[in-house]
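What you see is a predicted model; the values in this text were computed from it and never measured.
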Amino acid sequence: MRKTDRYPVDGPNALWQIYRTVSKWKAVKNFVWIQISRYCPSLPIKNWIYRRMLGMEVGEHTAFALMVMVDVFFPEKIKIGRNSIIGYNTTILAHEYLTKEYRLGEVRIGSNVMVGANTTILPGVTIGDGAVIGAGSVVHKDVEPYSFVAGNPLQVIRTGTPDSAEARTFGASAEIFGPESASGNSTNPNSSSS
């Protein structure tokens with residue numbers, strides 16, 4: 001279950017009334033910094049922007065791929081642990097503006113998390129440490145630590161423990177590329193190992 005605070009509105013839909021809930025200047029400033037970070041090839045500069053200009057909590061060595069779109073209005077509600085990867089063109093939302101209300105919720109992404117490309121993460125969710133989110137997923141509920149989830153609607157593919165996370169990575173490698181890849185003895189002619 002997502003953890004969001006709900007705020008009812010009267011009159012036109014909540015999005016039409018957006019600037020009653022957030023400053024226009026904050027929105028413009030955030031938009032400019034987010035657009036710079038979306039195209040920036042330097043991971044340290046991106047993290048500096050997210051931390052210093054947008055107020056996000058971003059752990060050491062967390063990497064945002066190109067085109068990641070963080071919440072324009074409430075980026076400070078996004079918290080990401082250490083050594084996580086946020087895949088290409090992922091959207092992380094901390095707000096929802098609906099017809100009769102708007103909702104705000106913190107997004108918490110743990111450490112050592114892998115979020116696949118083109119994923120949408122909705123407000124109020126927690127993604128546990130070591131979790132893997134398949135590309136193109138919509139994360140509309142909490143994700144347990146060390147689990148592998150994917151899809152829309154989100155489905156649990158596999159659950160795990162801290163001890164099994166590395167084994168799952170090597171196991172997946174062996175399933176896809178053959179048993180040699182898990183041991184590093186690739187027979188792939190395009191392999192760069194010598």
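Counting only heavy atoms from C-beta outward, the side chains of Lys77 and Asp71 never approach each other to under 4.5 Å. Inter-residue side-chain proximity for Asn47 and Phe64 is flagged as met; some heavy-atom pair is nearer than 4.5 Å. Residues Leu154 and Ser137 form a side-chain contact, since some pair of their non-hydrogen atoms from C-beta on lies under 4.5 Å apart. Between Tyr102 and Arg6 there is no side-chain heavy-atom pair separated by less than 4.5 Å. Here the side chains of Arg2 and Glu96 are in contact, with some heavy-atom distance below 4.5 Å. The shortest distance between side-chain heavy atoms of Met69 and Gln35 falls below 4.5 Å.
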**Message:** Let's go through Arg158 and Val132 carefully: what are the C-alpha distance in whole Å and the side-chain angles of both, what is the deciding distance for side chain to side chain contact (heavy atoms under 4.5 Å, CB included) to 0.1 Å, and is it a yes or a no?
**Reply:** CA-CA 10 Å; Arg158 204 176 288 157; Val132 177; over 6 Å; no

**Prompt:** Passes side chain to side chain contact (heavy atoms under 4.5 Å, CB included), Val125 versus Val143? Steps please.
**Reply:** CA-CA 8 Å; Val125 300; Val143 176; over 6 Å; no

**Request:** Under the side chain to side chain contact (heavy atoms under 4.5 Å, CB included) rule, what do Ile109 and Ile121 come out as? Steps first, then yes or no, please.
**Result:** CA-CA 10 Å; Ile109 300 172; Ile121 300 172; 3.9 Å; yes

**Request:** Go through the steps to decide whether Met56 and Val70 satisfy the test side chain to side chain contact (heavy atoms under 4.5 Å, CB included), and finish with yes or no.
**Result:** CA-CA 10 Å; Met56 293 169 52; Val70 299; 4.0 Å; yes

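The main-chain N or O of Pro41 is never found under 3.5 Å from a side-chain atom of Lys46 such that the two would form a donor-acceptor pair.
Among all heavy-atom pairs drawn from Pro12 and Trp16, the shortest one is CB-CD1, 3.7 Å. Annotation for Leu93 and Val107: closest pair O-CG2, 3.2 Å, computed over non-hydrogen atoms. For the pair Ser84 and Gly110, the tightest heavy-atom approach, listed with the atom from each and the gap, is OG-O, 2.8 Å. Here the closest non-hydrogen pair linking Val72 and Ala27 is CG1-O, 3.7 Å. Here the closest heavy-atom approach between residue Phe73 and residue Ile18 is recorded as CE1-CD1, 3.5 Å. Ala150 and Gly134 get closest at one heavy-atom pair: CB-CA, 3.9 Å.
Aromatic ring pairs are classed by plane angle as parallel below 30°, tilted from 30° to 60° and perpendicular above 60°; the pair Phe74 and His95 is tilted.
In terms of hydrophobic clustering, with Ile, Leu, Val, Met, Phe, Trp and Tyr side chains grouped at heavy-atom distances under 4.5 Å, Leu66 and Ile133 are assigned to different clusters.
The environment of CZ in Arg51 is crowded: more than 12 heavy-atom neighbours from other residues, nucleotides or ligands sit within 6.0 Å. The number of heavy-atom neighbours closer than 6.0 Å to CD of Glu144, taken from other residues, nucleotides and ligands shown, is 12 or below. Within 6.0 Å of CZ on Phe31 lie no more than 12 heavy atoms contributed by other residues, nucleotides or ligands.
With hydrogens and angles left out, the side-chain atoms of Asn89 and Asn118 include a donor and acceptor closer than 3.5 Å. Side chains of Thr62 and Tyr50: a donor-acceptor N/O pair is absent below 3.5 angstrom, by distance only.
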